Trainee: 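One structure coming up, written as C-alpha cells, with questions to follow.
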Number of protein chains: 2
Amino acid sequence: MAATRAPLPADLFDELCPSALIPFRFGDKWSALVIHCLRDGPRRFSELRVPLRRVSPKVLTRTLRALERDGLVSRTVRPTTTPTRHVEYALTPLGRSLLVPLTALYAWAADHLEDLMDAREAYEGGEAPHG
Amino acid sequence: MAATRAPLPADLFDELCPSALIPFRFGDKWSALVIHCLRDGPRRFSELRVPLRRVSPKVLTRTLRALERDGLVSRTVRPTTTPTRHVEYALTPLGRSLLVPLTALYAWAADHLEDLMDAREAYEGGEAPHG
DNA sequence: CAGAATCCGTTTAGATACTG
DNA sequence: CAGTATCTAAACGGATTCTG
C-alpha cells in the first residue's frame with residue numbers, strides 16, 4: 001500500500017506541458033470568470049461588467065484580448081444605427097468545450113466550499129507558522 | 001435559436017461564490033501544479049522542486065502553506081536519525097477529491113493544446129489590436 | 001458604448017544568501 | 001534538508017479620465 005513513487009516529469013513549467021497550461025491561461029483573476037459569464041450566450045462589454053462589477057475596463061479588455069488570442073472567445077462588432085458601438089463577445093467552440101471541465105471544477109468548489117472555509121478557519125485559529 | 005439571456009448573478013466576485021473560488025485558490029501560478037505533483041503520493045520539499053525546478057524555495061513554501069491552510073495538503077515531519085530533517089507533503093482527502101476535476105481540466109488542455117497554440121499563432125500573425 | 005491612456009498601490013515571482 | 005530573510009523586477013489589479 002505504499003504510495004507509488006513514479007518519478008515526476010521534469011517539464012512541468014514548460015509552456016507546452018498541458019499541466020503548466022492551466023496556470024498560464026487561467027493564472028489571472030478573471031479569465032475563468034469571464035468564460036463562465038459567457039456560458040449562456042454572447043454578451044456585450046458592459047454586460048460583462050455587471051456580474052464582474054469590480055473589474056475595471058482596462059482589466060476586462062486585457063482579459064478578453066487574452067481569451068480572444070487563445071481562440072476561446074470571439075469578438076463581433078455589430079452594425080448599429082446609433083453612433084454608439086455594439087460589440088459582442090461569445091465563446092468559440094473551443095471556449096465552449098472548455099466550459100465542460102470548468103463547470104466540473106466549479107461544481108467541486110460548490111460541493112466543498114464548507115470544507116475549505118472550515119479548514120481555513122481551523123488553520124487561522126490553531127496552527128502557528130512552522131519553524 | 002437566440003441564445004438564452006438569463007440574467008447573470010451579480011455576486012461573482014464574492015468570496016463565497018464557488019465561481020469566484022477558483023481564481024481565489026488557484027489564481028496563482030503554482031497551486032494547481034503542486035497538487036498535480038502530489039497525485040502519486042507524498043513528496044518531500046526538495047522532491048517537489050525537481051519537476052517545478054524554476055520555483056524558488058520561498059514561493060514553494062508560500063504555495064504549500066496556502067494549500068495547507070485550505071486543507072488540501074498536509075505536512076508531516078518524520079523522525080530521522082540524521083540531523084537533517086524529513087518533511088513530507090501529501091494530499092488530504094479533500095485535496096485528493098480536487099484531483100478529479102483538476103485532472104479533467106488537464107486532459108482538456110492536453111486535448112486542445114494544438115488548438116490553443118494555433119490560435120495564438122494566428123492571432124499574433126494576423127490581427128492588429130482593436131481600435 | 002467600447003475601450004485606450006495614465007497613474008499608482010499591491011501582489012507575485014525570482015534570485016540569492018543564510019540558518020536550525 | 002527544509003526552510004527563512006532580503007532585495008528586486010515584473011505582473012496584476014483598480015481608479016480615473018478621455019475619446020472615436
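Order of the sequence lines fixes the chain letters, A, B, ..., with proteins taken first and strands second; residue numbering starts at 1 for each chain. From a predicted model like this one, the values you see are computed outputs, not experimental measurements.
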Trainee: In whole angstroms, how far is the C1' atom of D/dC1 from the CD atom of B/Glu88?
Mentor: 13 Å
Trainee: Does C/dA2 have OP1 or OP2 sitting under 4.0 Å from an N or O in the side chain of A/Arg44?
Mentor: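 Answer yes for this pair, as a side-chain N or O of A/Arg44 is under 4.0 Å from OP1 or OP2.
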Trainee: Rounded to whole Å, how long is the line connecting atom CD of A/Glu68 with atom P of C/dA2?
Mentor: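 Checked: the CD to P distance equals 15 Å.
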Trainee: First locate atom OG of B/Ser56, then atom CZ of B/Arg62, and finally report the distance between them rounded to the nearest 0.5 Å.
Mentor: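 Spacing of OG (B/Ser56) from CZ (B/Arg62) equals 8.0 Å.
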Trainee: Can A/Thr80 and A/His86 be counted as having a side-chain donor-acceptor contact under 3.5 angstrom?
Mentor: no
Trainee: Below 4.0 angstrom from OP1 or OP2 of C/dA2, is there any side-chain N or O of A/Ser46?
Mentor: yes
Trainee: What's the shortest heavy-atom distance between A/Pro42 and A/Glu88, and which atoms?
Mentor: CB-OE1, 3.6 Å
Trainee: How many whole angstroms separate atom CG of A/Leu60 from atom P of C/dC1?
Mentor: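 My rounded result for the distance is 14 Å.
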Trainee: Restricting to nitrogen or oxygen on both sides, can you table the protein-nucleotides 14-20 of chain C pairs closer than 3.5 Å?
Mentor:
unit_1 : atom_1 : unit_2  : atom_2 : d
C/dG14 : OP1    : B/Lys29 : NZ     : 3.0
C/dG14 : OP2    : B/Trp30 : NE1    : 3.4
C/dG14 : O6     : B/Lys58 : NZ     : 2.0

Trainee: Does A/Arg65 make a side-chain N or O approach to OP1 or OP2 of C/dA4 shorter than 4.0 Å?
Mentor: yes
Trainee: I need the A/Asp115 CG to B/Leu98 CG distance, nearest 0.5 Å.
Mentor: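 Nearest 0.5 Å value for the CG-CG distance: 11.5 Å.
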Trainee: Examine distances only and state if a side-chain atom of B/Arg39 and a backbone atom of B/His36 form a donor-acceptor pair shorter than 3.5 Å.
Mentor: yes
Trainee: Does a side-chain N or O from A/Arg75 land closer than 4.0 Å to OP1 or OP2 of C/dG3, or not?
Mentor: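 Yes, within the criterion.
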Trainee: Can you figure out which of C/dA2, C/dA4, C/dA13 approaches the side chain of A/Phe45 most closely?
Mentor: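 The nucleotide sitting nearest to the side chain is C/dA2.
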Trainee: What is the distance from CG of B/Leu48 to P of D/dC1, rounded to the nearest Å?
Mentor: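 So the two atoms are 13 Å apart, to the nearest Å.
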Trainee: Any chain of hydrophobic side-chain contacts (each under 4.5 Å) joining A/Val77 to A/Leu67?
Mentor: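 They do share one cluster, since a chain of ILVMFWY contacts under 4.5 Å joins A/Val77 to A/Leu67.
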Trainee: Ignoring backbone atoms, test whether B/Arg62 places a side-chain nitrogen or oxygen under 4.0 Å from the OP1 or OP2 oxygen of C/dA13.
Mentor: yes
Trainee: Taking only N and O in the side chain of A/Tyr89, is any of them less than 4.0 Å away from OP1 or OP2 of C/dC1?
Mentor: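 For A/Tyr89, the contact criterion (side-chain N or O under 4.0 Å from OP1 or OP2 of C/dC1) is not met.
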Trainee: Quickly, which of A/Arg78, A/Arg44, A/Arg75 forms a side-chain contact (heavy atoms from CB on, under 4.5 Å) with A/Val87? Name it, please.
Mentor: A/Arg75
